[in-house]
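What follows is a short report on a single structure.
None of the values given here were measured: they were computed from a predicted structure.
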Amino acid sequence: MHNPPTSLRERKRAETWLTIHQAAAALVREKGLQHATVEEIAATAGVSQRTFFNYFATKEEAILGLVPPRVSDEALAAFRAETEGPAFERVVRFLLSILRSTLHPGVPFAERKALVREHPELRRHAMGYVSQVESLVNDLLSDRAEDGTGFSELASLGLPDSPDTARALLMLAGTIMRFAYSRDPGAALSDADAEAEISEAITIFREVFEATL
């Protein structure tokens with residue numbers, strides 16, 4: 001999740017970001033995805049196209065109102081502090097905690113969900129954020145500490161320290177995360193419902209593995 005902006009400059013940037021998103025979402029509802037152009041979104045928001053691209057890379061990003069994922073110190077500390085349960089389950093929960101960092105507090109989840117339901121082509125762009133999350137975690141699992149300790153995230157999980165292990169673990173955890181997200185994006189990303197949704201997804205995969213492997 002994101003901390004509220006504190007300085008005047010940060011508050012103004014946050015206000016501009018939200019204004020552009022709201023203009024984009026409103027235009028999509030009014031004209032449809034294909035006819036809501038960057039030029040019109042910028043004009044409706046009262047900013048230049050150059051300013052638009054300072055905040056969003058594409059109109060789809062502006063419509064969805066998502067922000068780039070990040071690994072917060074709190075999320076990393078919580079991941080490292082969790083020592084119980086299979087490694088892949090802990091990585092699934094870590095992936096979801098990072099995916100939640102893409103949610104802007106000023107955009108109601110129900111609004112974003114409705115936009116994706118009305119314009120299914122936006123789902124592909126939303127899933128692109130899932131790929132970004134997986135890339136962040138892959139880098140984290142693959143890297144060793146540069147402080148001379150040689151600390152390895154994989155070794156701390158009781159796994160062989162190799163690129164193949166990192167990829168295999170991430171593919172397994174990522175598949176479960178995508179499955180949970182596809183079943184119910186709202187529940188998977190909700191602080192209140194995520195644990196139950198992820199636990200159910202893990203159980204389903206475990207039953208499939210046990211019955212087929």
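The main-chain N or O of V208 is found under 3.5 Å from a side-chain atom of T212 such that the two form a donor-acceptor pair. Of the possible donor and acceptor atoms, one in the side chain of S101 sits under 3.5 Å from a partner among the backbone N and O of I98. In this structure, S135 contributes its side chain and S131 its backbone to no donor-acceptor pair below 3.5 Å. Proximity of a side-chain donor or acceptor of R112 to a complementary backbone N or O of G65 within less than 3.5 Å is detected. Using modelled atom types, one side-chain atom of T175 and one backbone atom of M171 make a donor-acceptor pair closer than 3.5 Å. For T102 (side chain) and V67 (main-chain N/O), no donor-acceptor pair under 3.5 Å exists by modelled atom type.
By the side-chain contact (heavy atoms from CB on, under 4.5 Å) test, E39 pairs with T37, Q49, sequence neighbours left out. Under the rule for a side-chain contact (heavy atoms from CB on, under 4.5 Å), the partners of T19 that lie at least two apart in sequence or sit in another chain are A45.
Using a 4.5 Å heavy-atom cutoff, the side chains of R178 and L95 are not in contact. Side-chain contact between E61 and L66 is absent, with no heavy atoms from C-beta onward closer than 4.5 Å.
In this structure, R80 fails the cation-pi test against F94, since its NZ or CZ atom is not both closer than 6.0 Å to the six-membered ring centre and inside 45 degrees of the ring normal.
The existence of a salt bridge linking E15 and R11 is excluded, since no basic side-chain nitrogen approaches an acidic carboxylate oxygen closer than 4.0 Å. With respect to the salt-bridge test (charged N to carboxylate O, under 4.0 angstrom), the residues R167 and E134 do not qualify. Classification of K31 and E40 as a salt-bridged pair holds, one side-chain N sitting under 4.0 Å from a carboxylate O. Salt bridge absent: K113 and E118 never bring a charged side-chain N and a carboxylate O closer than 4.0 Å.
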What do the steps show when you test V137 against F79 for side chain to side chain contact (heavy atoms under 4.5 Å, CB included), and what is the final call? CA-CA 11 Å; V137 176; F79 170 63; over 6 Å; no
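Between E60 and H119, the side chains place no donor N or O within less than 3.5 Å of an acceptor N or O (distance only, hydrogens not considered).
Of all the heavy atoms in I41 and A36, the pair that sits closest is CD1-O, 4.4 Å. Of all non-hydrogen atoms in A62 and H21, the two that sit nearest each other are O-ND1, 2.8 Å. The heavy-atom pair separating E82 from R90 by the smallest distance is O-NH2, 2.9 Å.
Relative ring orientation between F209 and F205 is described as perpendicular, the plane-to-plane angle rising above 60° on a 0-90° scale split at 30° and 60°.
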